[in-house]
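Values below: every heavy atom of this structure, side chains too, minus hydrogens, waters and symmetry copies. Convention: sequence-line order gives letters A, B, ...; per-chain numbering from 1. Just so it is clear, the model here is predicted, and its values are computed rather than measured.
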Protein chains: 2
Amino acid sequence: MTGVTDAQQHAWRELVMATHLLDEALDRQSQRDGGMPHAYYKLLVLLYESPGHGQTMSGLAAQLRYSLSRLTHAVTSMERSGWLRRSRSADDRRVQTVSLTDAGVTVVRRVSPLQASEVRSRVFARLSDEQVNQLAAIGSAIVAGLDAGPTERDSDRLND
Amino acid sequence: MTGVTDAQQHAWRELVMATHLLDEALDRQSQRDGGMPHAYYKLLVLLYESPGHGQTMSGLAAQLRYSLSRLTHAVTSMERSGWLRRSRSADDRRVQTVSLTDAGVTVVRRVSPLQASEVRSRVFARLSDEQVNQLAAIGSAIVAGLDAGPTERDSDRLND
DNA sequence: ACAACTTAGTTGAGGGTTCAACTATTCCCC
DNA sequence: GGGGAATAGTTGAACCCTCAACTAAGTTGT
């Protein structure tokens, strides 16, 4: 008795398909407009919104929920592309501070309106204001459920 | 004037984070319980639910919204793993029919309850019945907006 | 002050996905 | 019935991500 209702089953399938299509659409658009995967673009945007357009590797990884390894590969690649630069911190020499270059700032400013327009026309055009609020609530519940790794799976005390 | 409201912005960020965490969680779980990425598991499930546990490449690709190339690579890999088998159709020799092996059936039956339990405890445990219905509606609106590729992007007649 | 531990980040191998080019078969139709 | 065009699927290279092992620098306890 796994106890998943039909309504849950249906919602689940829609959700999984929606996330699949969303990921594809985002990647394709970031690739087309910015020449990078969406995961990289999110990193640029986060840097853009950070004080001084810069942050440490660990800080970025924590906010994006990327592994440090993934972030290292990403930063290495984007550094080659000229969008950002690394610099070792003076007081703690393990720490790398990553910051946007001018080219990085430029690309964010160029791509983000395109991204916004696409999001608006392909997603929000079909949702009522009420659904937008529902989506925010549901999204944050899902984030809460998935964030911070696998806890107890078998014991499962939450809902018996 | 990109015209994205604050509420939309907020909902968007929750949605993007939720899909990111969801993808990661699904992949990690499929990898742990079934030794394959979630995209592969979805393919097995679709085959499992198909008449005779079989379908053509194009049929699978269409229902999963995978490219044929992706599907070819996936099927090649899963054939090596022994979960499915290809066979060329007799009447149209371009067509490949893919079908589950006994091992494939077994792995679906073994993994799916684990998957369901995880989904229930990590996602649906935090959503009310009403939110489940809202999620289904929102998910299907998003699928509708993203399915069937980029149409007009600049003209954007839907909402002016 | 030295060893053990923790924190910050890197590396490389392995596997998955995309994209563009390609083969093979069937359809259309004149 | 033969020459395009469409359909079905494959291939290989490039790129991204994961995982496990690793280096380097700081922290702690004694």
Value in whole Å for how far the [atom2] atom of [N] lies from [atom1] of [X]:
X: A:Met36; N: D:dC17; atom1: CE; atom2: P; result: 13 Å
X: A:Arg65; N: D:dT18; atom1: CZ; atom2: P; result: 15 Å
X: B:Leu68; N: D:dA6; atom1: CG; atom2: C1'; result: 14 Å
X: A:His73; N: D:dA20; atom1: NE2; atom2: P; result: 14 Å
X: B:Arg86; N: D:dG9; atom1: CZ; atom2: C1'; result: 9 Å
X: B:Arg70; N: D:dC16; atom1: CZ; atom2: C1'; result: 13 Å
X: A:Leu64; N: D:dT18; atom1: CG; atom2: P; result: 12 Å

Nucleic acid contacts - residues 87-96 of chain B versus DNA chain D, non-hydrogen atoms under 4.0 Å: B:Arg94, B:Val95, B:Gln96
In numerical order, the residues of residues 39-61 of chain A whose heavy atoms come under 4.0 Å of DNA chain D are A:Ala39, A:Tyr40
May I ask you to decide if B:Val4's main-chain N or O and A:Arg120's side chain share a donor-acceptor pair within less than 3.5 Å? no
A:Thr72 side-chain N/O to A:Leu68 backbone N/O, donor-acceptor pair under 3.5 Å: yes
Between A:Ser69 and A:Gly35, the residue closer to the 5' end of DNA chain D by nearest nucleotide is A:Gly35
Does the side chain of [Y] come within less than 4.5 Å of [X]'s, by heavy atoms?
X: B:Leu114; Y: B:Gln29; answer: yes
X: B:Leu21; Y: A:Ile142; answer: no
X: B:His53; Y: B:Leu47; answer: no

Considering residues at least two apart in sequence or located in another chain, which fulfil the side chain to side chain contact (heavy atoms under 4.5 Å, CB included) criterion with [X]?
X: B:Ser140; value: A:Glu14
X: A:Gln31; value: A:Pro37
X: B:Gln131; value: A:Ala137, A:Ile138, B:Leu127, B:Ser128, B:Gln134
X: A:Leu46; value: A:Ser50, A:Gln55, A:Leu60, A:Gln63, A:Leu64

Check DNA chain C against residues 13-24 of chain A and give the residues with a non-hydrogen atom under 4.0 Å, in numerical order. A:Glu24
Got a sec: does the CG of B:Asp92 have more than 12 other heavy atoms crowding it under 6.0 Å? yes
Tell me, please, which residues at least two apart from B:His20 pass ring pair (Phe, Tyr, Trp, His ring centres under 6.0 Å). A:Tyr66
Using the test side-chain hydrogen bond (donor to acceptor under 3.5 Å, both in side chains), find all partners of A:Arg85 that sit at least two apart in sequence or belong to another chain. none
Could you pull out all residues at least two apart from A:Arg110 that satisfy salt bridge (charged side-chain N to carboxylate O under 4.0 Å, His left out)? none
Could you list where the contact with chain A starts and ends along DNA chain C, reading 5' to 3', using a 4.0 Å heavy-atom cut-off? C:dT7 to C:dC19
Exercise answer: donor-acceptor pairs, residues 98-109 of chain B side-chain atoms, under 3.5 Å, sequence neighbours excluded:
residue  : atom : partner  : partner atom : Å
B:Thr101 : OG1  : B:Gly82  : O            : 2.7
B:Thr101 : OG1  : B:Trp83  : O            : 3.1
B:Thr101 : OG1  : B:Ala103 : N            : 3.4
B:Thr101 : OG1  : B:Gly104 : N            : 3.1
B:Thr106 : OG1  : B:Asp102 : O            : 2.9
B:Arg109 : NH1  : B:Tyr48  : OH           : 2.6

Residue mapping more 5' on DNA chain C - nearest nucleotide basis, A:Thr97 or A:Gln31: A:Thr97
